[in-house]
Number of protein chains: 2
Amino acid sequence: MSIEACREKFKSFLADRSLRVTGQRMAIFDAAFSEDAHNTAEDLLDRARSIDESVSRATVYRTLPIMTESGLLREVDIGRNLKFYVANHDNQTQQAQVVCLDCDRIFEISAPFMEWYRNTVSSNLGLTPVAHRLQVHARCDIFRETGRCRHRN
Amino acid sequence: MSIEACREKFKSFLADRSLRVTGQRMAIFDAAFSEDAHNTAEDLLDRARSIDESVSRATVYRTLPIMTESGLLREVDIGRNLKFYVANHDNQTQQAQVVCLDCDRIFEISAPFMEWYRNTVSSNLGLTPVAHRLQVHARCDIFRETGRCRHRN
DNA sequence: CTGCCTGCAAACTCTTTGCACGAAT
DNA sequence: ATTCGTGCAAAGAGTTTGCAGGCAG
């Protein structure tokens, strides 16, 4: 989906919930969609400020959950006391991550079987699945030995 | 594996690494194995202190990574800025969690296909898998409506 | 005009760290 | 006797919150 379409979708989402379409919220949206990467809250604060200088850290932290709920942002938590946020152009939910512990990269991969798995597992327990997380943490031997690999430098 | 066997295994692990077998470390071990539950560091501190009053928070935080590396403890991070620790009697690594967002429980389930999955995915990227995480977050409609479900109360 | 939204700074939670003392080998 | 382990308290990182003023609807 185009950024413009996502932008409109975000505005609609806010309107539907009787939330206000403020300059700060749109600056944070633009920051998140200006780069397809794994951004920290701080990354987004910096980038949002370069669009609208008045954006504060508090507003970023207050806005990220809203964008996450709208489905336009995916929250990626790889267990490092630090969350990453990824623009979610196509409302994808069947993603998994491979986290390289050596070159420190996060690779997004699709994991279509999660749809089936989470339904199976949850219904066995009488629960309704709402989200899942699937991650593989790995090492890059080449990077560790040579200081570079095909993923980073 | 029996607690006693695990206890000996922990002592061997420490010895092999030239780490000392201290009263505090063993108290923390005993705290972790005294209850098969998802314990926070604070839970384990309380319990360890009831065994050996001198145990400090710092030592708990310094010991948990050692126990985790030994394979006798599993670290469970469900994305809440708070880690849980589970005694790992049988060196299990193919576990997944179902986290109920309503009754706030964590269910451990086995996910044997992860062995295959993590190998497949990592080798596609030229990486060596070292760990994985698989979680399904779910809601319990019955609990939300009635305040109780078959899992809690 | 009304009440949600905001920036600021302080508070919070969990975890880590520097230091001097104490205990395991 | 050495050296590693420990408790204490302070620092640290990321995130949340109370408040008074500002702006969207």
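Small disclaimer: the values here were computed from a predicted structure and weren't measured. Just so we're on the same page: letters track the sequence lines, and every chain starts at 1.
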Please list residues of [range] whose heavy atoms come under 4.0 Å from any atom in DNA chain D, ordered by number; otherwise none.
range	result
residues 35-55 of chain A	A:A41
residues 7-30 of chain A	A:R20, A:V21
residues 57-78 of chain B	B:A58, B:T59, B:R62

same_hphob_cluster([X], [Y]) at 4.5 Å side-chain heavy-atom cutoff:
X	Y	result
A:M67	A:V86	no
B:I78	A:L82	no
B:Y117	B:V130	no

Discussion item. Classify the ring geometry of A:F29 against A:F10: parallel below 30°, tilted from 30° to 60°, perpendicular beyond 60°.
Written reply: parallel

Worksheet item: Reading DNA chain C 5' to 3', which nucleotide is the first, and which the last, to come under 4.0 Å of any heavy atom in chain A?
Response: C:dG3 to C:dC8

Atom of [X], atom of [Y] and distance for their closest heavy-atom approach:
X	Y	value
A:A32	A:L73	CB-CD1, 3.9 Å
B:N91	B:G71	OD1-O, 4.0 Å
A:N119	A:P129	OD1-CG, 3.4 Å

Do [X] side-chain atoms and [Y] backbone N/O form a donor-acceptor pair below 3.5 Å?
X	Y	result
B:N39	B:L44	no
A:H89	A:M1	yes
B:S123	B:T120	yes
B:Q24	B:A48	no
B:Q94	B:E115	yes

Worksheet item: Bend angle of the helix from C:dC1-D:dG25 to C:dT25-D:dA1 from five-pair axes at both ends, rounded to 10°?
Response: 40°

Item to complete: Apply side chain to side chain donor-acceptor pair (under 3.5 Å) to B:H38 and list each qualifying residue two or more places apart in sequence or on a separate chain.
Response: B:E108

Fill in: A:D30/A:R7 ion pair, N-O < 4.0 Å
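Yes.
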
Item to complete: Test A:T59 against every option in A:L64, A:I28, A:D52 by the side chain to side chain contact (heavy atoms under 4.5 Å, CB included) rule and name the one that passes.
Response: A:I28

